Participant: 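Structure provided below as structure tokens; questions to follow.
Quick caveat: nothing in here was measured; it's all calculated off a predicted structure. Below, read A as the first sequence line, B as the second, and so on, with proteins coming before strands; counting in each chain starts at 1. Computation of the quantities below employed the complete heavy-atom set of this structure, encompassing side-chain atoms and omitting hydrogens, waters and symmetry-equivalent molecules.
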There are 2 protein chains.
Amino acid sequence: MVKDSTTEERIVEAARRVFIQKGLSGARMQEIADEAGINKALLHYYFRNKEKLFDHIFEGVVKKIAEGLTLSFGKEMDIYGRLGTVVDVYCDILLENRYLPLFVLNAMNNDPLKFAGVLSENMVPVYGNILEDFRQSAEKGVIRDYDPVHLFLNMLGLIIFPFAMYPMIEKVAPEHIRPFLKNFLESRKEEIKKFLFNALTPLK
Amino acid sequence: MVKDSTTEERIVEAARRVFIQKGLSGARMQEIADEAGINKALLHYYFRNKEKLFDHIFEGVVKKIAEGLTLSFGKEMDIYGRLGTVVDVYCDILLENRYLPLFVLNAMNNDPLKFAGVLSENMVPVYGNILEDFRQSAEKGVIRDYDPVHLFLNMLGLIIFPFAMYPMIEKVAPEHIRPFLKNFLESRKEEIKKFLFNALTPLK
DNA sequence: GTCTATAAGTAGATAGAC
DNA sequence: GTCTATCTACTTATAGAC
């Protein structure tokens, strides 16, 4: 509980922690209130009900991810430079919060029609960009010929899945291998790029 | 509700459907009872409480996955044949139930210490096998030189992640592209193998 | 084994004082 | 804005008849 911040900010931070870890149905308003150092009534004063609070958190999370990715799109690059940046930025985001993938997937799974709007609104500009790059690069022969959608999902899987698994790996890892785990996640960036680029580079 | 099966069987089937879709905290005993065509009291008669019922379902799901994978390990093959089989079998399992990845990940996330035992007990024999194969093949130069653990996670990400995303894609897809979606998932098998093998095959 | 009825506890939400 | 106290509804779990 950080004291020099507004009540609303503290609520949002607390709610983010709890919702991200436990999901909508698993989270308790009481726990969020405790984390924020206030009481339940005040949660309702600021956000009316649990659902609205969750929606607010979800939108914030998605916007932050999209924003991080968009910022990395400024400069002109070839496809490999660009994908390298996507991998790096995405991994950095996930390194900071490893529960994000499950959080987003679960929300989408529970109420797709509701959250699809938020997600596509924010992510389509980013993703559409990459897809178009894949298409053009394949045409020019700069990368091997894959279906762009498959290729795109392959990349997301390489980046996101290990982070989605990580929280559980971390908790069940025997003591003597713990020190290696942090390095392991850090090294994923380079490993993903190596693997991805090997699959992409034409034989010629 | 299938009539010619024991009550316990119907409970287990109903519970599997509901738990897999909604998770532990999202599932309601009432809904499971309704799905099974019985009443709540009977659930408790057979499984004492919600937690024990969930544990039973989780173990069954993990065992079934492990079993499917193990069966495919009978015959001798080179690494590419073997990985091809793993991809095919895994995809077939996930095609039948696309909610499986999220279900397992969430359970592990909620209570890692509890479910780690079940998971490692069943999966380590299978996964250890593949890891060892990676190690030896890299040594022999049959595949490129990757860290086996990274490589293994890469493969899992390629296979599992798109299926984990699929339920939501399906529900938000506009009408006119629906017909393509089923084919898309089917075609993942071949796309994964193509991508994976391209990344693995040494340049020489 | 299966049911109805109900107990016991929990969670989200509100009323109203300060 | 923030609190305490409380309401209402829901959920798991049990008691007890058949």
Participant: How close or far is atom P of C:dG9 from atom CD of A:Q30, stated in whole angstroms?
Facilitator: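 After rounding, the gap between these two atoms is 18 Å.
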Participant: For DNA chain D, which nucleotides open and close the run of contacts to chain A, 5' to 3', at under 4.0 angstrom from a non-hydrogen atom?
Facilitator: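 That gives a stretch of D:dG1 to D:dT4.
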Participant: Among all residues two or more places apart in sequence or in another chain, which pass the side-chain contact (heavy atoms from CB on, under 4.5 Å) test with B:P125?
Facilitator: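 Not a single residue meets the side-chain contact (heavy atoms from CB on, under 4.5 Å) criterion with B:P125.
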Participant: Can you sort out which residues in residues 41-60 of chain A have a heavy atom within less than 4.0 Å of DNA chain D? Ascending by number, please.
Facilitator: A:A41, A:L42, A:Y45, A:Y46
Participant: Using residues 189-196 of chain B as the side-chain source, report each donor-acceptor pair under 3.5 Å to any protein atom, sequence neighbours left out, with the distance given to one decimal.
Facilitator:
unit_1 : atom_1 : unit_2 : atom_2 : d
B:K189 : NZ     : B:D92  : OD1    : 2.8
B:E190 : OE2    : B:K193 : NZ     : 3.4
B:K193 : NZ     : B:D88  : OD1    : 2.8
B:K193 : NZ     : B:D88  : OD2    : 3.1
B:K194 : NZ     : A:D145 : O      : 3.1

Participant: List, one per line, each side-chain donor-acceptor pair under 3.5 Å for residues 156-163 of chain B, sequence neighbours excluded.
Facilitator:
none

Participant: Applying a 4.0 Å non-hydrogen cut-off, can you work out what A:A33 is touching in the nucleic acid: base, sugar-phosphate, or nothing?
Facilitator: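 Here A:A33 touches no strand at all.
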Participant: Can you measure A:N39 atom CG to C:dG12 atom C1' for me and round it to whole angstrom units?
Facilitator: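 Interatomic distance, CG of A:N39 to C1' of C:dG12: 14 Å.
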Participant: What is the distance, rounded to the nearest whole Å, between atom CZ of B:R28 and atom P of C:dA11?
Facilitator: 11 Å
Participant: Compile the donor-acceptor pairs under 3.5 Å between side chains in residues 54-72 of chain B and protein atoms, sequence neighbours left out, one pair per line.
Facilitator:
unit_1 : atom_1 : unit_2 : atom_2 : d
B:D55  : OD1    : B:K114 : NZ     : 3.1
B:D55  : OD2    : B:K114 : NZ     : 3.0
B:T70  : OG1    : B:A66  : O      : 2.7
B:S72  : OG     : B:L69  : O      : 2.6

Participant: Excluding sequence neighbours, so at least two apart, what forms side-chain contact (heavy atoms from CB on, under 4.5 Å) with B:K182?
Facilitator: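 Testing B:K182 for side-chain contact (heavy atoms from CB on, under 4.5 Å), a comparison that skips the adjacent residues, returns none.
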Participant: Can you list the residues that meet the ring-ring contact (aromatic ring centres under 6.0 Å, His included) rule with B:Y99, with sequence neighbours excluded?
Facilitator: none
Participant: Taking ring-ring contact (aromatic ring centres under 6.0 Å, His included) as the definition, give me every residue that meets it alongside B:F180, ordered by chain and number, with sequence neighbours left out.
Facilitator: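 B:F180 satisfies ring-ring contact (aromatic ring centres under 6.0 Å, His included) with no other residue.
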Participant: State whether a side-chain donor-acceptor pair under 3.5 Å links A:Y146 with B:N198.
Facilitator: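 Yes, side-chain donor-acceptor contact under 3.5 Å.
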